[in-house]
Structures are given as structure tokens and as C-alpha cells.
There are 2 protein chains.
Amino acid sequence: MAAMGRTAGKKTRVQRSEEVRDALFQAAAEVVGEYGYIDASITRITQRANLAQGTFYNYFASRQEIFDELLPVLGAKMLAHIRQQASGAKTFLEKEEQSFRAFFSFLKRMPYFLRILNEAEIFAPKAHRQHFHNITGGYMRFLRNARKNGEIANLGDEALEPLVYMLIATRGYLALRYTDENGVVNLPEEAVRMYLQLLAKGLLSREPPVSAGSGPLG
Amino acid sequence: MAAMGRTAGKKTRVQRSEEVRDALFQAAAEVVGEYGYIDASITRITQRANLAQGTFYNYFASRQEIFDELLPVLGAKMLAHIRQQASGAKTFLEKEEQSFRAFFSFLKRMPYFLRILNEAEIFAPKAHRQHFHNITGGYMRFLRNARKNGEIANLGDEALEPLVYMLIATRGYLALRYTDENGVVNLPEEAVRMYLQLLAKGLLSREPPVSAGSGPLG
DNA sequence: CCAAACAATGAATGATGATTCATGTTTCAG
DNA sequence: CTGAAACATGAATCATCATTCATTGTTTGG
């Protein structure tokens with residue numbers, strides 16, 4: 001093992017630092033997902049990360065600080081996942097369906113996300129507002145686009161906004177209702193159909209579409 | 001003021017007891033509505049009720065106990081209000097609209113209810129599950145009835161369930177979004193219209209209705 | 001190889017707030 | 001009227017963590 005400096009087995013200090021920080025972040029996400037923010041104590045988080053209590057404060061100024069970081073980081077992953085999954089769809093309804101399904105497939109991957117998201121409204125309100133703003137913004141663009149293309153009824157923005165709220169509320173709530181005690185989502189196909197039917201009959205215009213744009217949240 | 005025994009000015013012990021208990025309950029509701037369960041300390045609650053800390057424990061075994069009582073009691077009031085308001089409606093859509101509006105008019109009366117309801121999912125989960133069960137149960141009956149009368153599309157129960165979740169989610173979420181920082185709801189008429197349009201186009205059948213039943217939650 | 005600099009550790013600190021309790025007061029049955 | 005039971009009170013207790021800190025170990029640039 002000749003002169004390896006720092007290229008091989010050993011890790012540089014900053015690499016290790018990043019790893020430790022990530023470990024703390026991941027541990028926090030899991031612990032919050034399992035026990036909720038209230039019972040996500042520093043003790044639990046550091047134990048799960050195999051670190052001492054004090055180490056936490058080498059990476060985060062306070063417990064609240066890591067709480068505030070959870071949703072932004074994981075929310076961005078969620079958006080990326082949804083965009084990716086829905087990228088192939090052409091029509092409004094296809095995009096909507098694929099985004100809808102992607103939300104639930106994301107929850108399968110990250111079972112702890114739903115609780116983090118829901119409780120953030122109370123325990124990380126600023127982060128929650130920001131996340132919500134991102135989501136609704138993307139959705140509004142998507143709907144305006146579909147409207148422009150004549151794919152959906154020609155509603156004013158004042159009507160689009162509550163609609164967006166309804167659709168987002170629906171996702172979150174269905175996820176909650178169809179998640180079992182172990183945190184596993186299992187959305188029945190009937191629920192997807194019902195959702196799409198409501199949209200199709202309630203929103204779709206009969207005019208021929210003009211062109212395709214991006215998906216919701218896209 | 002001759003021989004009044006206990007009929008006039010003075011109050012009997014049990015009367016006083018009830019009053020004190022009610023004062024604590026009311027104070028707790030207000031404090032939770034204003035500050036949330038987390039910051040609803042015994043100190044705050046008893047101060048608002050003009051009582052000493054210790055008095056609290058003459059009426060409730062623990063802080064959690066009063067938390068667990070909040071939603072059942074207020075939830076029952078909400079249901080009563082909604083039923084009362086929607087009692088005059090005849091058709092499915094009328095009932096739905098009046099119940100929908102009644103939910104929001106209830107929030108105007110009891111601004112603290114929304115926060116109690118929402119946070120209960122975290123801080124009084126059992127009570128929240130029970131409340132939710134009441135609500136969905138009533139709603140399901142309402143929809144089955146409308147289906148039986150041919151007022152809405154002939155959907156199976158497996159489709160009705162997610163639909164109920166969607167409608168309930170919608171109410172809660174819209175309330176949240178259209179409540180200002182002072183806790184005052186202000187639902188734009190556009191939102192009501194959008195909600196009803198989605199139902200009307202998405203659900204209503206074109207068959208003639210057969211007869212009328214009870215409203216949602218009724 | 002060496003001395004800063006940096007990081008890990010877990011015991012000690014400190015604040016908070018629910019709950020208990022000893023004491024004084026009020027009610028009421030007999 | 002009277003003593004026991006019920007109630008009110010708020011100071012004291014107690015448990016629970018987040019956060020700090022003194023110590024020890026590790027990395028790094030020279």
C-alpha cells in the first residue's frame with residue numbers, strides 16, 4: 001500500500017463531516033417519521049446515528065434547526081420524483097394520473113415522509129408554508145397551461161386556486177387514510193379511479209387540446 | 001330578601017362545581033385554539049379561567065384528559081350545527097351546499113375549533129380517530145341514500161369511501177387556507193362554486209331523483 | 001514528527017412545566 | 001350549630017430534555 005495520501009481507504013475530514021451530518025439528518029428523518037417531532041429527542045436521534053449527544057451540536061445549532069431542514073430537503077426529493085415519473089405523460093389527465101400515482105410511490109420509498117410533512121405544519125411552520133407554496137405554485141402553472149391549451153374548462157384563477165387546494169388536500173388525506181399502522185401506504189385502485197373520474201367529468205372540456213405542456217408540480 | 005335557602009343568589013356546591021369545570025373547559029378550548037396544544041399549559045388555562053393551578057386537578061386527572069375531551073364535545077356541537085343548518089334542503093346538491101356552508105359558519109362562531117380539530121390528530125389521536133369515524137360514517141350514509149334515490153351516479157361503496165375522504169379533506173383544507181392570522185375564516189364564493197361544480201358535473205346523475213333523505217353528517 | 005485546529009464524547013447544567021401536597025376555606029348533612 | 005367532606009390555593013416537588021462544556025482523541029498542514 002504505497003503512498004496513498006488520502007485517495008484510498010482513509011477519508012478526508014470534510015468527507016467524514018458530511019457523512020456525519022447526513023447520518024444525523026437521516027436519523028432525524030426516521031425518528032420523526034416514527035415517533036413524531038415531539039418525541040424526536042436529541043438522545044433518540046444521536047442514538048440512531050450511533051453518535052454521542054454532544055456531537056449533534058457540532059452540526060446543528062439546535063433541535064429546531066434540523067426540524068426546519070427536514071421538509072425542504074425531503075420535499076425537493078418528492079418533487080424530483082414526481083416530475084421524473086410524470087415526464088412521459090402527454091394529456092392533462094395522463095399527467096395528473098401519473099403525478100398522483102407518483103406521490104404515492106414516493107411514500108412507499110420514504111414511509112417517514114408523510115408524518116414529517118403533516119406534522120411540519122405545527123412543528124416547522126415556516127418550512128411547511130414554503131413547501132406548500134412550492135406545490136401550489138407548480139400546480140397552478142400546470143392548470144393554467146391546461147386551460148390555455150383548452151384541455152380543461154376555462155376557469156378563472158380565483159376558481160383554480162381552491163381547486164388546487166382541493167386536489168392537494170385530497171392527496172394528503174387519502175395517503176393518511178390508506179396508510180396502515182406500520183406506515184405503509186396501500187391506495188386502492190378504486191380511489192385512483194374515483195379521483196380521476198371527478199376530474200374528468202368535473203373539469204375536462206370537450207374541445208380538442210392544442211398542445212402539451214409540463215405536469216403538475218412540474 | 002327573606003329566607004332564600006339556596007334558590008336565589010347563592011349556588012349549590014354541584015352547580016358551582018359544574019361552572020368551574022365548564023370554565024376550565026372553555027378556557028382550555030380558547031387557549032388551545034390560540035396557542036395550540038403544545039403551549040396550552042396548565043398555567044395558561046387556569047389563568048384564563050381565573051383559578052389557581054392546583055384547582056385544575058380537582059376536575060381533570062391530567063392535562064391529557066382535558067385535551068382528549070375537547071374534540072368530542074366540540075365536534076358534537078359542530079355536527080348539531082350542521083344538521084340544523086342543512087335540515088331544510090331537499091336535493092342532494094342543496095344538502096351538500098348547505099352542509100358545506102354550515103361547516104364554515106360554525107368556524108365563524110367557534111374560531112378556535114379548527115386548530116383544535118387539526119392538532120388533535122397529533123395531540124389527541126384517539127379522539128381524532130373517533131371524530132373522523134363519526135363524520136365519515138354520516139357522510140357515507142348520506143351518499144348511499146343519494147345513490148339509492150338515483151340522485152348521484154351508481155358507485156360502489158369502495159368508490160364512495162375515497163370520495164368521502166376527498167370531500168372532508170377539502171373542507172378542512174379550504175378552511176385552513178382561507179383562515180387569516182387572526183383565525184377568521186373568509187371563504188370566497190368562488191371556492192364554494194368550484195366545490196359544487198366538481199360535485200355536480202362529476203357525480204350527479206341525469207336520472208330523475210326518487211325521494212329525499214337526510215344530509216351529509218346528518 | 002509536531003502543534004494547532006477540529007471533532008467526539010457524555011456528564012453536568014438549567015429551564016420548563018406537569019403534578020403533588022400541606023394548608024386554609026367553604027359547604028352541607030345531621 | 002358543628003364536624004366532616006369537598007374544594008381552592010399556590011408553593012414545592014419531580015422528571016424531562018435541550019443545551020453547554022471540559023476533556024480526550026484525531027486530523028492536518030508544515
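Please read all numbers here as calculations on a predicted model, not as lab measurements.
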OP1 or OP2 of dA8(C) under 4.0 Å from side-chain N/O of Asn58(A) | yes
Hey, does Tyr59(A) reach any base, or is it just sugar-phosphate, or nothing, if we go heavy atoms under 4.0 Å?
-> sugar-phosphate
Which nucleotide in dA7(C), dA8(D), dT19(D) has an atom nearest any side-chain atom of Ser17(A) | dA7(C)
Neighbour count above 12 (heavy atom, 6.0 Å) for Lys108(B) NZ | yes
Determine whether the side chains of Gln26(A) and Glu30(A) contain a donor N or O and an acceptor N or O closer than 3.5 Å.
-> yes
Name of the residue among Lys77(A), Gln85(A), Arg101(A) meeting side chain to side chain contact (heavy atoms under 4.5 Å, CB included) with Phe106(A) = Lys77(A)
Salt bridge (charged side-chain N to carboxylate O under 4.0 Å, His left out) with Glu34(A): of Arg115(A), Arg44(A), Arg48(A), only one passes, and it is Arg48(A)
Please state how far atom CZ in Arg44(B) lies from atom P in dA18(C), giving the value in whole angstrom units.
-> 10 Å
Residue whose closest nucleotide on DNA chain D lies nearer the 5' end, Gly54(B) versus Ile42(A) = Gly54(B)
So does Arg13(A) get a side-chain nitrogen or oxygen closer than 4.0 Å to the phosphate oxygens (OP1/OP2) of dT27(D)?
-> no
Rounded to the Å, how far apart are Leu24(A) CG and dA18(D) P?
-> 14 Å
For Phe67(B) and dT19(C), give me the distance from atom CZ to atom P, rounded to whole Å.
-> 9 Å
Value in whole Å for how far the P atom of dC17(D) lies from CZ of Phe123(A) = 13 Å
Select base, sugar-phosphate, or nothing to describe what Thr55(B) touches, counting heavy atoms under 4.0 Å on all strands.
-> base
Ile66(B) CD1 to dA18(C) C1', straight-line distance once rounded to whole Å = 14 Å
Send over the distance from Arg16(B) CZ to dT26(C) P, rounded to a whole Å.
-> 11 Å
Determine whether the aromatic ring centres of Phe132(B) and Tyr165(B) lie less than 6.0 Å apart.
-> yes
For the pair made of CD in Glu18(A) and C1' in dC6(C), what is the distance, rounded to whole Å?
-> 16 Å
By nearest-nucleotide position on DNA chain C, the 5'-leaning member of Ile38(B) and Val14(B) is Ile38(B)
Is any side-chain nitrogen or oxygen of Thr12(B) closer than 4.0 Å to OP1 or OP2 of dT27(C)?
-> no
In terms of side-chain heavy atoms of Ser41(B), which of dT9(C), dG17(C), dG10(C) is nearest?
-> dG17(C)
When the distance from CZ of Arg63(A) to P of dT20(D) is rounded to whole Å, what number comes out?
-> 14 Å
